[in-house]
*Asks:* 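Please see the structure below; I have some questions.
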Amino acid sequence: MKWLGAAAGGVLTLAATGAAAEGRLGTVLERGSLLCSGHNGSFLGFAEVDDQGKWKGVDIDLCKALAAGLFGKSEGHLEIVPISWAQRWPALQSGDIDVVIKVSGWTQSRDTELNLSYSTPYFIGAFQAMAKAGLGAERIADLDGGSLCVAAGTSTERALATFLETNNIEAELLTFENGDELRNSYYEGRCDAMVEWAPSLAAGRVDAPDGADNHVILPDVIALEAEGIIVPEGDPDWLDVQNWMLSSLWFAEVEGITSENVDEFKANPPSETVAKFLGNTPGYGDRLGLPNDWAYNMIKEVGNFAEIYDRNIGEGSPYGLPRGVNSLYNAGGVFYPFIID
């Protein structure tokens, strides 16, 4: 009852911030909680469960950021719903989840046939293969006649099939719904190589039970995929929230605003733009039907995008994956925040 009271109070506060919200945004605010996609196993670095049984990862932090922006904090207002890759679209369309934040690639069929809308990408991933070092394979072509493990119902599976066909490589594809089953099958020798995108391979190599040195990530890039947040088509207000959430995380990074110093910036903003961004002056939330300090609440809880990346898959994580192309434009990457006016 205490939780319900707190949630109801949060909804009343949000209702007073601007025009009445409609669509999925209105549904979420009225419910008082966000239903966000998780994983049905462990997608290392993006959606995994720690030793205390708590969710963590890049995608989980984005779910937390979204909930914090909507309700002031994620605690008591966020439910991570475990789903498989194939369940993403039915779960979104049925309302079992409100948003898909599950490193999902933007493909033409999904865009045109499934009534989905994509946010601006938040991660660029390369599909590659990791093979047992003992095989001596230097390229995927060296695995001709072998077997490859891949996640079922994913763009990875389709991209791999196209790559094999284009390069006249014969290989048996073993597909798995669950990420843990996929990795364990590879580790146990049921297939010669495992095909995922580079961050997952890097994480899987670190966690290999027989040691990282017994596995090699082959250099072939099967495909590049832009990963975005997915919402139902025809709901522009909800899509706006996703896009401006991502932009806010990048804007904070550009400005040097972190979870540790955000209060200092809010107390003494260096510019009118930062003052608006952190809710000192109105506008940044009103236009979206959110509290004006929604970005402040996000940064306070999860930090900027660099903080999210580093602690989950970057230098502050066991995986140590260089940010590379996923850096901001001013650090050699492709990402940038939108203009706040």
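Here, residue 1 is the first one in the sequence, and each next residue gets the next number.
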*Asks:* Using a 4.5 Å cut-off on heavy atoms from C-beta on, say whether the side chain of Phe71 contacts that of Asn297.
*Replies:* no

*Asks:* Closest approach of Asn178 and Gly41, non-hydrogen atoms and distance?
*Replies:* ND2-CA, 3.9 Å

*Asks:* State whether a side-chain donor-acceptor pair under 3.5 Å links Ser247 with Trp244.
*Replies:* no

*Asks:* Specify the closest pair of heavy atoms between Ile80 and Gly38, including all atoms of both residues, with the distance to one decimal.
*Replies:* CG2-CA, 3.5 Å

*Asks:* For Gln108, I'd like to know if atom CD has over 12 heavy atoms of other residues, nucleotides or ligands within 6.0 Å.
*Replies:* no

*Asks:* Counting neighbours of CG on Asn330 that are heavy atoms of other residues, nucleotides or ligands and sit closer than 6.0 Å, is the number greater than 12?
*Replies:* yes

*Asks:* Does some side-chain heavy atom of Pro269 sit less than 4.5 Å from a side-chain heavy atom of Leu278?
*Replies:* no

*Asks:* With rounding to the nearest 0.5 angstrom, report the OH to CG distance, Tyr186 to Leu201.
*Replies:* 8.5 Å

*Asks:* In Å, rounded to the nearest 0.5 Å, how long is the span from CG of Leu288 to CE of Met245?
*Replies:* 12.0 Å

*Asks:* Ion pair present between Asp98 and Arg31, side-chain N to carboxylate O less than 4.0 angstrom?
*Replies:* yes

*Asks:* Could you check whether any side-chain N or O of Arg110 sits under 3.5 Å from a backbone N or O of Gly105, counting only pairs where one atom can act as donor and the other as acceptor?
*Replies:* yes

*Asks:* Where the side chain of Glu307 meets the backbone of Asn304, is there a donor-acceptor pair that is under 3.5 Å apart?
*Replies:* yes

*Asks:* Give, for atom CD1 of Ile229 and atom CG of Leu246, the distance between the pair rounded to the nearest 0.5 Å.
*Replies:* 4.0 Å

*Asks:* Is any side-chain heavy atom of Trp55 closer than 4.5 Å to a side-chain heavy atom of Pro82?
*Replies:* yes

*Asks:* Between Arg311 and Asp61, is there a salt bridge with N-O shorter than 4.0 Å?
*Replies:* yes

*Asks:* Could you tell me the separation between the CD1 atom of Ile340 and the CD atom of Glu272, rounded to the nearest 0.5 Å?
*Replies:* 13.0 Å

*Asks:* Check whether any side-chain heavy atom of Leu25 lies under 4.5 Å from a side-chain heavy atom of Asp240, and answer yes or no.
*Replies:* no

*Asks:* Can you tell if the side chain of Val231 reaches within under 4.5 Å of the side chain of Arg24, non-hydrogen atoms only?
*Replies:* no

*Asks:* More than 12 foreign heavy atoms under 6.0 Å from CD of Gln93: is that the case here?
*Replies:* yes

*Asks:* Are the ring centres of Phe46 and Phe123 closer than 6.0 Å?
*Replies:* yes

*Asks:* Should Lys64 and Ile60 be marked as a side chain to side chain contact (heavy atoms under 4.5 Å, CB included) after you check the CA-CA gap, both sets of side-chain angles, and the distance that decides it?
*Replies:* CA-CA 6 Å; Lys64 290 180 179 178; Ile60 301 302; 4.0 Å; yes

*Asks:* Assess whether a salt bridge exists between Asp59 and Lys102, defined as any Lys/Arg side-chain N lying under 4.0 Å from an Asp/Glu carboxylate O.
*Replies:* no

*Asks:* Side-chain donor-acceptor pair under 3.5 Å between Tyr122 and Asn326, yes or no?
*Replies:* no

*Asks:* Run the numbers on His215 and Tyr187 for side chain to side chain contact (heavy atoms under 4.5 Å, CB included), then give the verdict.
*Replies:* CA-CA 10 Å; His215 305 269; Tyr187 295 144; 4.3 Å; yes

*Asks:* More than 12 heavy atoms of other residues, nucleotides or ligands under 6.0 Å from OH of Tyr336: yes or no?
*Replies:* no

*Asks:* Between the main-chain N or O of Gly45 and the side-chain N or O of Glu48, is there a donor-acceptor pair closer than 3.5 Å?
*Replies:* yes

*Asks:* Quick one: pull up CD in Glu264 and OG1 in Thr258 and give me the separation to the nearest 0.5 Å.
*Replies:* 8.0 Å

*Asks:* How about Trp238 and Val99: do any of their side-chain heavy atoms sit closer than 4.5 Å?
*Replies:* yes

*Asks:* Verify the distance criterion only: is there a donor paired with an acceptor across the side chains of Asn312 and Lys56 at less than 3.5 Å?
*Replies:* no

*Asks:* Give a yes or no on whether Arg287 atom CZ has more than 12 heavy-atom contacts from other residues, nucleotides or ligands under 6.0 Å away.
*Replies:* yes

*Asks:* I'd like to know if the side chain of His77 and the backbone of Ala68 have a donor-acceptor N/O pair within less than 3.5 Å.
*Replies:* no

*Asks:* Verify whether one side chain among Glu157 and Thr175 offers a donor that lies under 3.5 Å from an acceptor in the other.
*Replies:* no

*Asks:* Mind checking side chain to side chain donor-acceptor pair (under 3.5 Å) for Trp106 and listing every partner two or more places apart, or none if nothing turns up?
*Replies:* Asp111

*Asks:* May I ask you to test the Trp89-Ile230 pair for a side-chain heavy-atom distance under 4.5 Å?
*Replies:* yes

*Asks:* How close do Ala252 and Ile299 get, heavy atom to heavy atom, and via which atoms?
*Replies:* CB-CD1, 3.7 Å

*Asks:* Salt bridge check, Lys300 against Asp263: does any charged N sit closer than 4.0 Å to a carboxylate O?
*Replies:* yes

*Asks:* If you take all heavy atoms of Ser147 and Arg190, which pair is closest and at what distance?
*Replies:* OG-O, 3.6 Å

*Asks:* Give a yes or no on whether the backbone of Lys54 and the side-chain of Asp50 come within a donor-acceptor separation of less than 3.5 Å.
*Replies:* yes

*Asks:* Examine Trp85 together with Phe43 and report whether their ring centres are nearer than 6.0 Å.
*Replies:* yes

*Asks:* I want to check something: taking the side chain as every heavy atom from C-beta on, are Ile169 and Phe163 in contact at a cut-off of under 4.5 Å?
*Replies:* yes

*Asks:* Got a donor-acceptor contact below 3.5 angstrom from the Asp286 side chain to the Asn292 backbone?
*Replies:* no

*Asks:* Any donor-acceptor pair under 3.5 Å linking the side chain of Asn184 with the backbone of Glu181?
*Replies:* no

*Asks:* Okay, side chain of Gln128, backbone of Leu218: is any donor-acceptor separation there less than 3.5 Å?
*Replies:* yes

*Asks:* I'd like to know if the side chain of Tyr309 and the backbone of Pro322 have a donor-acceptor N/O pair within less than 3.5 Å.
*Replies:* yes

*Asks:* Could you state the interatomic distance from CD (Glu233) to CG (Leu239), rounded to the nearest 0.5 Å?
*Replies:* 10.0 Å

